[in-house]
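Beneath this line is the structure, given in structure tokens, with notes to follow.
Here is the naming used below: chain letters follow the sequence lines, and residue numbers restart at 1 for every chain. Computed from a prediction, not measured in an experiment: that's the story for all the values here.
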2 protein chains.
Amino acid sequence: MTKSRINSSDLLSGLELMIDSYQGKEQILGVNLNPVIVRLSCEEGCVKVIEMARRLGVTADTVRFYTRIKILKPGKNKTNGYREYSENDYNRLRFVLSARQLGFSVEDIQEILNHADKKKSPCPTVRRLIDQRLNETEQRFAETLQLRERMQQAVVEWSQKPDKVPTGHMICHLIEEFAQ
Amino acid sequence: MTKSRINSSDLLSGLELMIDSYQGKEQILGVNLNPVIVRLSCEEGCVKVIEMARRLGVTADTVRFYTRIKILKPGKNKTNGYREYSENDYNRLRFVLSARQLGFSVEDIQEILNHADKKKSPCPTVRRLIDQRLNETEQRFAETLQLRERMQQAVVEWSQKPDKVPTGHMICHLIEEFAQ
DNA sequence: CTTGACCTGTGTCTTGGACACAGGTGTAAG
DNA sequence: CTTACACCTGTGTCCAAGACACAGGTCAAG
Ligand SMILES: [Zn+2]
Ligand SMILES: [Zn+2]
Ligand SMILES: [Zn+2]
Ligand SMILES: [Zn+2]
């Protein structure tokens, strides 16, 4: 599990080579033309929160959020208390973001991860959950579509109507006369 | 402003006739064929929260919510502390519900009501706000549409794929192999 | 008198983070 | 060495529009 020699195409993008040298104590060894980074400070290629966030294109707050709810379980540097995110955390977060893109809720994702953590196939759960979420999305889609049409029609109708001052019975004639 | 003789087609639906006799102390006067309800207990045709809610097809919690944030300002019965909603409150709530149907936020509605309460035309504000809200709705519509398509495509693709047990690199191949 | 339906105010919950805050840490410049 | 500044920690609060809960008061019917 512990690698001292990182295969960048395996784990992360090529950017890693430049990134990793930022604040870590990694050293460039050898004199060959393709310098290879060896991590000396962190046993498992760990990174800090902001770096983790940057690698996956999210904010540090997002990483902290998933840490807070225990989807990510980084280690802790004993000397300074900083959290250390491993390759496993990276994989989990990448998974979480993919699942969010597919409309799964965070709670769904926790359920899926629980299955996977017990080495059981999460696929049946995934299939069941996406059916539910797709139904809800269809529902929201229909509602949003209808709302959009109502609003568009209101704008069109209102363009023909004058402004008015409110009366005892009418607060805004635009809104109240828009029957639908 | 104070009416002792309610014109039901003016203010409320015909249902009011039956409803009003529920818990109030109204009396049916006269011997004509169309009995007319005269309210004796409440000077301004006031009703209690649940009745107000029922008349507009919302829950009592919704009425309490708009009361809490001071969009509705019912009077208070001195003897029992119950809130008394007037015709004005009814008109305001009906307006609020119409505006919500058109995608205005509660804050928008407060701004609109502030104008109207100062006898100024809220129409320019209404036109400006609906442009904003319509833009946001178009945005959400596009996002919901895309999400729906992604989800639908996932369901289709996944129907051809088997379940799998997670590995060290892969939590759920369905989600992670769904590249898009 | 009791039951049950209604009423009150207040507080908390919902989503997926975003933002704030108080205080600790690491590093580079002066 | 000091100081500045960027980074880190945990915790708490906020968002929208109500929904729900809770403790206690009120009212009419049986
Ligand atoms: Zn480390
Ligand atoms: Zn799977
Ligand atoms: Zn009254
Ligand atoms: Zn108007």
Side-chain angles (χ1 to χ4, degrees), chain A residues 19 21-25 41-42 46-54 56-85 93 96-97 99-110 133 136-137 140 143-144 147, chain B residues 19 21-26 41-42 46-54 56-85 93 96-97 99-111 133 136-137 140 143-144 147:
Chain A
I19 296 151
S21 61
Y22 167 55
Q23 204 180 19
K25 299 196 184 67
S41 63
C42 307
C46 60
V47 297
K48 294 199 275 293
V49 62
I50 213 173
E51 175 57 21
M52 181 79 164
R54 205 205 45 74
L56 284 164
V58 296
T59 68
D61 271 322
T62 299
V63 177
R64 288 204 190 93
F65 171 68
Y66 288 115
T67 306
R68 183 149 36 172
I69 66 175
K70 300 189 178 25
I71 278 185
L72 302 181
K73 293 155 189 159
K76 248 184 141 157
N77 183 315
K78 268 78 180 179
T79 73
N80 61 14
Y82 287 11
R83 292 189 270 219
E84 308 191 327
Y85 292 90
L93 182 52
V96 167
L97 298 176
R100 297 276 309 127
Q101 283 290 306
L102 279 169
F104 292 97
S105 71
V106 171
E107 203 176 347
D108 292 344
I109 293 170
Q110 284 174 320
R133 300 303 160 238
E136 296 165 8
T137 303
R140 277 199 341 235
E143 286 164 10
T144 309
L147 175 61
Chain B
I19 295 151
S21 60
Y22 167 57
Q23 202 180 22
K25 302 198 182 66
E26 293 84 359
S41 63
C42 307
C46 61
V47 296
K48 293 198 276 293
V49 63
I50 213 172
E51 175 57 20
M52 181 78 163
R54 206 205 43 74
L56 285 165
V58 295
T59 69
D61 271 322
T62 299
V63 177
R64 288 203 190 94
F65 172 68
Y66 288 115
T67 305
R68 179 142 50 167
I69 65 176
K70 300 189 176 24
I71 278 185
L72 302 181
K73 294 154 189 161
K76 247 183 140 154
N77 183 315
K78 268 80 180 175
T79 73
N80 61 14
Y82 287 11
R83 290 189 271 218
E84 308 191 328
Y85 292 91
L93 182 52
V96 168
L97 298 177
R100 297 277 308 127
Q101 282 291 307
L102 279 169
F104 292 98
S105 72
V106 170
E107 204 176 346
D108 292 345
I109 293 170
Q110 283 175 320
E111 186 178 347
R133 300 302 160 239
E136 296 165 7
T137 302
R140 274 199 342 224
E143 286 164 10
T144 309
L147 175 60

Check your understanding: What is the distance, rounded to the nearest whole Å, between atom CZ of B:F65 and atom C1' of D:dC15?
Key -> 12 Å
Practice item. Report the residue (A:T79 or B:R64) whose heavy-atom-nearest nucleotide on DNA chain C is the more 5′ of the two. Key: B:R64
**Study point:** Under 4.0 angstrom between A:K48 side-chain N/O and D:dA6 OP1 or OP2
**Key:** no
Point to revise | Rounded distance in Å - OH (A:Y66) to P (C:dG16) | key: 7 Å
Study note, to complete from the structure: Between B:V106 and A:G81, whichever has its closest DNA chain D nucleotide further toward 5' is A:G81
Review point. Are more than 12 heavy atoms from other residues, nucleotides or ligands located less than 6.0 Å from atom CD of B:E136?
Key: yes
Point to revise | Distance-minimising heavy-atom pair for B:R100 and B:S105 | key: NH1-CA, 3.9 Å
Check your understanding: Closer than 4.0 Å, any side-chain N/O of B:R100 to the OP1 or OP2 of D:dG18?
Key -> yes
**Study point:** Derivation and outcome, side-chain contact (heavy atoms from CB on, under 4.5 Å), residues B:L93 and B:Y85
**Key:** CA-CA 10 Å; B:L93 182 52; B:Y85 292 91; over 6 Å; no
Review point. Which value, rounded to the nearest 0.5 Å, describes the distance between B:L56 atom CG and B:T62 atom OG1?
Key: 10.5 Å
Revision key, fill the gap. Rounded to the nearest 0.5 Å, the CD atom of A:Q110 sits from the OH atom of A:Y66 at a distance of 9.5 Å
Check your understanding: Per the end-axis method with five pairs at each terminus, what is the bend angle of the helix from C:dC1-D:dG30 to C:dG30-D:dC1, to 10°?
Key -> 30°
Study note, to complete from the structure: Value for CG (A:L102) from CG (A:D108), rounded to nearest 0.5 Å, stands at 11.5 Å
Point to revise | Separation of atom CD in B:E84 from atom P in D:dT26, rounded to whole Å | key: 15 Å
Check your understanding: Is any side-chain N of the basic residue among B:E143 and B:R140 closer than 4.0 Å to the acidic one's carboxylate O?
Key -> no
**Study point:** B:R64 vs B:V49 side-chain heavy atoms within contact, under 4.5 Å
**Key:** yes
Point to revise | Base versus backbone protein contacts along nucleotides 20-25 of chain D [heavy-atom cut-off under 4.0 Å; B, S, -] | key: B----B
Exercise for review: Would you mind reporting whether B:M52 and B:V58 have side-chain heavy atoms less than 4.5 Å apart?
Suggested key: no
Exercise for review: Drop me the distance from A:I50's CD1 to A:R54's CZ, to the nearest 0.5 angstrom.
Suggested key: 9.5 Å
Check your understanding: C:dG26 P sits how many Å from A:K78 NZ, rounded?
Key -> 15 Å
Review point. Can you name the closest pair of heavy atoms from A:G81 and A:K76 and give their distance?
Key: O-CE, 3.4 Å
Check your understanding: Where is the tightest heavy-atom contact between A:A53 and A:A60, given as atom of each residue plus distance?
Key -> CB-N, 3.6 Å
Review point. Rounded to the nearest Å, what distance is computed from the CD atom of residue B:Q101 to the C1' atom of nucleotide D:dG18?
Key: 15 Å
Practice item. Round to the nearest Å and state the distance from B:I50 atom CD1 to C:dA5 atom C1'. Key: 8 Å
Point to revise | Distance below 4.0 Å between A:R83 side-chain N/O and D:dC8 OP1 or OP2 | key: no
Point to revise | Rounded distance (Å) that lies between atom P of C:dG17 and atom CG of A:L72 | key: 12 Å
Exercise for review: Using the closest heavy atom to pick a nucleotide of DNA chain C for each, name whichever of A:T62 or A:E107 lands nearer the 5' end.
Suggested key: A:E107
Revision key, fill the gap. Rounded to whole Å, the CE-C1' distance (B:M52 to C:dC6) equals 17 Å
Anything under 3.5 Å between a protein N or O and an N or O of nucleotides 2-5 of chain D, put it in a table, one pair a line.
none

